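The structure appears below as structure tokens.
Keep in mind that this is a model prediction, so the values were computed, not measured.
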Amino acid sequence: MEQPALLEMRNISKEFPGVKALDGVSLTVRPGTVHALMGENGAGKSTFIKTITGAHAPDGGTITVDGETYHAMTPALARKHGIECIYQEFNLIDVLSAAENICYGEKLGRLVNQKKMRNIAQNIFDDFGVDINPDTLVRDLTPGHMQIVEIAKAVSKEVRILILDEPTAPLSVAEVEILFRIVRKLR
């Protein structure tokens, strides 16, 4: 028996002045699946992603998450449903450690709890099978490790749908293999 969909995008359309970016695009995402959105530059991939995450409101179509149907998402609503996106341009604070970036904005008690942040980051890195020191400043990490920190940040928020926008672009061949291993594990 087929599992119920986590996310259903039905007949999504989006126009910008003079450009029809999306025209009746549909997608169903079920638990434990991995999807690849492929196409040429300008094909609408980023627009579709931004529609899922609430950065763009579609002009038509519906978005159903966990059985609730919406005509548009908002970033807060997407996060509420466990939808996170890691864009090509990393959203990290380079003067903070990997652990601080992963836990940034999270309430971990009344005061900043460095030990708890380190433990959260280390547990995720161990689970991913990667050797990243949680105390390393982000500016000192490789692009591949920065991407892993972004993924760890999403995982720490109990992400249910993780979207990676052009995830292999800044990575070496070895880092791509690590990324694919992590994606298989998260699946």
Side-chain angles (χ1 to χ4, degrees), residues 3-7 27-38 45-46 48-50 52-55 65-66 73 75-109 112-187:
Q3 288 188 317
L6 291 174
L7 170 72
L27 171 73
T28 300
V29 176
R30 298 190 190 289
T33 60
V34 176
H35 300 266
L37 206 58
M38 299 187 321
K45 301 178 301 293
S46 292
F48 191 62
I49 289 169
K50 289 177 180 178
I52 296 169
T53 61
V65 187
D66 299 324
M73 294 294 285
L77 189 56
R79 278 190 299 280
K80 175 186 161 218
H81 284 290
I83 300 170
E84 293 284 338
C85 182
I86 299 169
Y87 293 98
Q88 272 184 280
E89 303 81 30
F90 298 135
N91 189 22
L92 299 170
I93 302 168
D94 68 348
V95 296
L96 296 181
S97 70
E100 290 166 323
N101 270 276
I102 290 167
C103 298
Y104 189 81
E106 297 298 315
K107 285 271 193 194
L108 301 175
V112 174
N113 189 331
Q114 293 288 336
K115 183 178 180 184
K116 191 168 189 177
M117 285 192 284
R118 259 187 245 103
N119 287 339
I120 289 168
Q122 191 63 61
N123 288 339
I124 295 170
F125 294 153
D126 289 347
D127 193 42
F128 287 174
V130 295
D131 185 25
I132 300 174
N133 181 337
D135 295 320
T136 302
L137 296 181
V138 163
R139 69 176 172 224
D140 297 330
L141 295 173
T142 66
H145 283 174
M146 287 180 192
Q147 186 151 54
I148 292 168
V149 169
E150 285 276 25
I151 294 169
K153 186 168 57 169
V155 167
S156 77
K157 294 177 181 153
E158 299 182 21
V159 67
R160 297 176 61 227
I161 299 171
L162 180 61
I163 301 166
L164 305 173
D165 186 14
E166 298 200 34
T168 60
L171 305 183
S172 69
V173 173
E175 290 171 329
V176 168
E177 285 303 317
I178 292 167
L179 173 67
F180 287 171
R181 188 184 77 232
I182 290 170
V183 168
R184 283 190 294 274
K185 182 163 188 52
L186 290 174
R187 182 187 66 190

Nearest 0.5 Å please: distance from the [atom1] atom of [X] over to the [atom2] atom of [Y].
X      : Y      : atom1 : atom2 : result
Gln88  : Ser46  : CD    : OG    : 7.0 Å
Lys80  : Met73  : NZ    : CE    : 9.0 Å
Leu171 : Thr142 : CG    : OG1   : 8.0 Å
Leu186 : Leu164 : CG    : CG    : 8.5 Å
Leu162 : Arg187 : CG    : CZ    : 14.0 Å
Leu92  : Leu141 : CG    : CG    : 8.5 Å

**OP:** Kindly state each residue pair satisfying salt bridge (charged side-chain N to carboxylate O under 4.0 Å, His left out) with at least one member in residues 150-167, sequence neighbours excluded.
**Re:** Asp66-Arg160, Glu150-Lys153
**OP:** Please list all pairs passing the salt bridge (charged side-chain N to carboxylate O under 4.0 Å, His left out) test where one or both residues lie in residues 119-128, with sequence neighbours left out.
**Re:** Asp127-Lys185
Original post:
Closest approach of Phe90 and Pro170, non-hydrogen atoms and distance?
Top reply: CZ-CG, 4.2 Å
Original post:
Can you name the side-chain hydrogen bond (donor to acceptor under 3.5 Å, both in side chains) partners of Arg30, sequence neighbours left out?
Top reply: Glu2
**OP:** Mind running side chain to side chain contact (heavy atoms under 4.5 Å, CB included) on Ile102 and Val149 for me, showing each step along the way?
**Re:** CA-CA 7 Å; Ile102 290 167; Val149 169; 4.0 Å; yes
**OP:** Sequence neighbours left out, what passes ring pair (Phe, Tyr, Trp, His ring centres under 6.0 Å) with His145? Give chain and number order.
**Re:** none
**OP:** With sequence neighbours excluded, give me every side chain to side chain donor-acceptor pair (under 3.5 Å) pair touching residues 95-105.
**Re:** Ser97-Glu100, Glu100-Gln114
Original post:
Taking the side chain from Thr33 and the backbone from Val29, do they hold a donor-acceptor pair closer than 3.5 Å?
Top reply: no
Solution key, residues 177-184 side-chain donor-acceptor pairs under 3.5 Å, sequence neighbours excluded:
| unit_1 | atom_1 | unit_2 | atom_2 | d |
| --- | --- | --- | --- | --- |
| Arg181 | NH2 | Phe128 | O | 2.9 |
| Arg181 | NH2 | Gly129 | O | 3.0 |

